[in-house]
Protein chains: 2
Amino acid sequence: MTARSRPEGARAGQATLHDVARLAGVSIKTVSEVVNRTGRVTPATTARVESAVAALAYQPNLSARRLRRGTTGVIGLAVPELSMSGYFNELSALIVRAAAARGLTVLIEQTDGTREGELRALSGPRRSVMDGLLLNATALDEQDLADRLPLPPTVVLGERRLGAGLDHVTFRNEEAARLVAEHLVGLGRRRILVLGGDPTTSASAARRLDGHRAALEAAGLPFDPELVRDVGLWDHDAGHAAVVRARRDGLRFDAVAAVNDSIAIGALRALHDEGVAVPDEVAVAGIDDIVDARFTFPRLTTVDPRRDELAERAVRALTERIADPTRPAVVQEIEGYLRVRGSTLAGADRRDP
Amino acid sequence: MTARSRPEGARAGQATLHDVARLAGVSIKTVSEVVNRTGRVTPATTARVESAVAALAYQPNLSARRLRRGTTGVIGLAVPELSMSGYFNELSALIVRAAAARGLTVLIEQTDGTREGELRALSGPRRSVMDGLLLNATALDEQDLADRLPLPPTVVLGERRLGAGLDHVTFRNEEAARLVAEHLVGLGRRRILVLGGDPTTSASAARRLDGHRAALEAAGLPFDPELVRDVGLWDHDAGHAAVVRARRDGLRFDAVAAVNDSIAIGALRALHDEGVAVPDEVAVAGIDDIVDARFTFPRLTTVDPRRDELAERAVRALTERIADPTRPAVVQEIEGYLRVRGSTLAGADRRDP
DNA sequence: CTGAAAGCGCTAACAT
DNA sequence: ATGTTAGCGCTTTCAG
């Protein structure tokens, strides 16, 4: 009479709580409590259950657990892209690891750094399979978020400081840009070409520009808007094209401060192509300290954003937000370290690998 | 009297099949059939159900579906590493995309290229949450697999050709190495330093070496085992160290054929550090065509392994294997294209970006 | 072509 | 401290 239809999926043959309970001679509730370390079970029973678990190689069925608990065990990670800049793949690898340590699976979504892509991650259909979202927002503005309140558990990463009472784990961009500019100014550079996004639409670009200007100001140097260029996508090709264009425009500069390492690497390439000596004629610096920054010619001066710290804190903030949706929003800022190499300081590479 | 305990998880408030059925005035079975496009439902009913689905913004609960179907909707991807070589992050991004197109989530696992890591991916505890596994094996041997038969759905990627009746999607390594060697020989290079893994333990290294030897043989050139070096990890640092060591050993060579681009980039860096002109004194080539290969000094000659094709075929092979565990194993080989750039041919860069 | 109902494996309220 | 049991949302057999 039963509508018997044992699904023969991937887990066919797996032991269940019932099997373990039968073998251990206890009820499934007891097994569940032992497995989840919840409730009080006597040590003797616990031991019996545990040996039954081991004997049957029992693995909890996550689908069932999640169905019951109402969660999915999946968190989303929305980043602009994965395969271009070197930054986001390194960050993603760290986040995947940090999440795995908490039993969470990461669903990676690429937004292409567009408002549409970010909105899709924020409230598209895939959102329904996630317990929470780590959103590296670059194009969204505060109004976009305000329109969608209350949001499911969301932690904003990266540059953008969005209000709306959201948790943030941000890298101190202003600081990073300031470190770079101070370093370049300290080396006697006076005309620093800033390669980044459009400060009127990208808040990250704006904040880095703030840091840059602050450093110039502190040094008593003038700020020339001519020297700020929007490169579009933040990848190698964009950096290359921007430098070629700047030189074609007859712009004079003795340093390049790029908003990330990929742009800086493209810039290095372009300067080399045009026969400009680095760092003698033009010093070049990036931000991110990606692996490749140690293998350019010359090696690239950059800012280490401590991705590991960012990843760890981001996942922790999200799990805490998921556990308690009502707690007040927390903003965490991570400071970077300047790594001086040969692209700004001749001879600095001698100590590097 | 009911043990009421409505879980208030992430999906609280979501519409269910029941809600849709009630609104459409049909049974949940009908809704299920419409949503899954299974069974025959009259167009009129279908339309009614669909508008109810839209009205309630219904999203199927994947945990429930999976519990019922016995599958998880998750496939694993085991790769040596994610953040070093440039190859695996680009490949992973493509695989994540190909899987997402089929409604699958990818769980990425890093094996560090060790036998232990690969065995863990193959039969560790996390395996129980996956419907299938894409395994990029580099250290496992045939016996390891034979010991574990029958395996859950598994597709082997990459270099290693393991027997045991498994599906494979492989890149034609021998061919790739042959292309590189023929190119170098055609340029008049006679002493080609081969940077790769130990051919006695890494089958991939062995096969690339086969291709290399075949090319030398076809050209009537001698093969000098002195010129083959195991670099350890296949990353920038390893390539750098290997070249430094080779030169310290007094080895003479007029070309470097690296088993991947990261090693080649490290080699370029080392040659540059030691004042060796590339390509005049030593030509350098890699395999993988990672993004960075277009931004080295000079740009790196390499082989495009058509990762997009690999990703697409791998995911397809795995879904087919999951759907039909009994079908005969399929082996697919993908051929690469040689990309000639300035690291082997002076002047070749003029056309590149 | 549609409806009713069992039950996937797990958690937790309730009972003992 | 342990047992019993309802039911999470879905798919699917069986009946109509």
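Naming: A, B, ... by sequence-line order, numbering from 1 per chain.
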Whole angstroms only, please: what is the [atom1]-[atom2] distance between [X] and [N]?
X: L67(B); N: dT11(C); atom1: CG; atom2: P; result: 12 Å
X: N61(A); N: dG9(D); atom1: CG; atom2: P; result: 17 Å
X: R66(B); N: dC10(C); atom1: CZ; atom2: P; result: 17 Å
X: R69(A); N: dG9(D); atom1: CZ; atom2: C1'; result: 17 Å
X: H18(B); N: dC8(D); atom1: NE2; atom2: P; result: 8 Å
X: R48(A); N: dA1(D); atom1: CZ; atom2: P; result: 15 Å

*asked:* Side chains of T46(A) and V49(A), heavy atoms from C-beta outward: is any pair under 4.5 Å?
replied: no
*Hey, are the side chains of I28(B) and T16(B) touching, using non-hydrogen atoms and a 4.5 Å cut-off?*
no
*asked:* Using only atom types and a distance under 3.5 Å, with no angle test, would you say the side chain of S92(A) pairs donor to acceptor with the backbone of F88(A)?
replied: yes
OP1 or OP2 of [N] less than 4.0 angstrom from a side-chain nitrogen or oxygen of [X], does that happen here?
X: T30(B); N: dG3(C); value: yes
X: N36(A); N: dT11(C); value: yes
X: S32(B); N: dT12(D); value: no
X: R65(B); N: dT11(D); value: yes

Report the nucleotide, chosen from [options], that has the shortest atom-to-atom distance to any side-chain atom of [X].
X: T16(A); options: dC10(C), dT4(D), dT11(D); result: dC10(C)
X: I28(A); options: dT2(C), dG9(C), dT11(C); result: dT11(C)
X: L17(B); options: dG3(C), dG9(D), dT11(D); result: dT11(D)
X: K29(B); options: dT12(D), dC10(D), dA12(C); result: dT12(D)
X: R68(A); options: dT2(D), dT5(D), dG9(C); result: dG9(C)
X: Y58(B); options: dC10(D), dT11(C), dG3(C); result: dC10(D)

_If you assign each of E33(B) and S63(B) to its closest nucleotide in DNA chain D, which residue comes earlier from the 5' end?_
S63(B)
*asked:* Under a 3.5 Å threshold, yes or no: a donor from one side chain and an acceptor from the other, between R65(B) and N36(B)?
replied: yes
*Any chance the side chains of D324(A) and T326(A) put a donor and an acceptor closer than 3.5 Å?*
yes
*At under 4.0 Å between heavy atoms, what does T38(B) touch on the DNA or RNA strands: base, sugar-phosphate, or nothing?*
nothing
_Using a 4.0 Å heavy-atom cut-off, does T45(B) contact any base of the nucleic acid, only the sugar-phosphate backbone, or nothing at all?_
sugar-phosphate
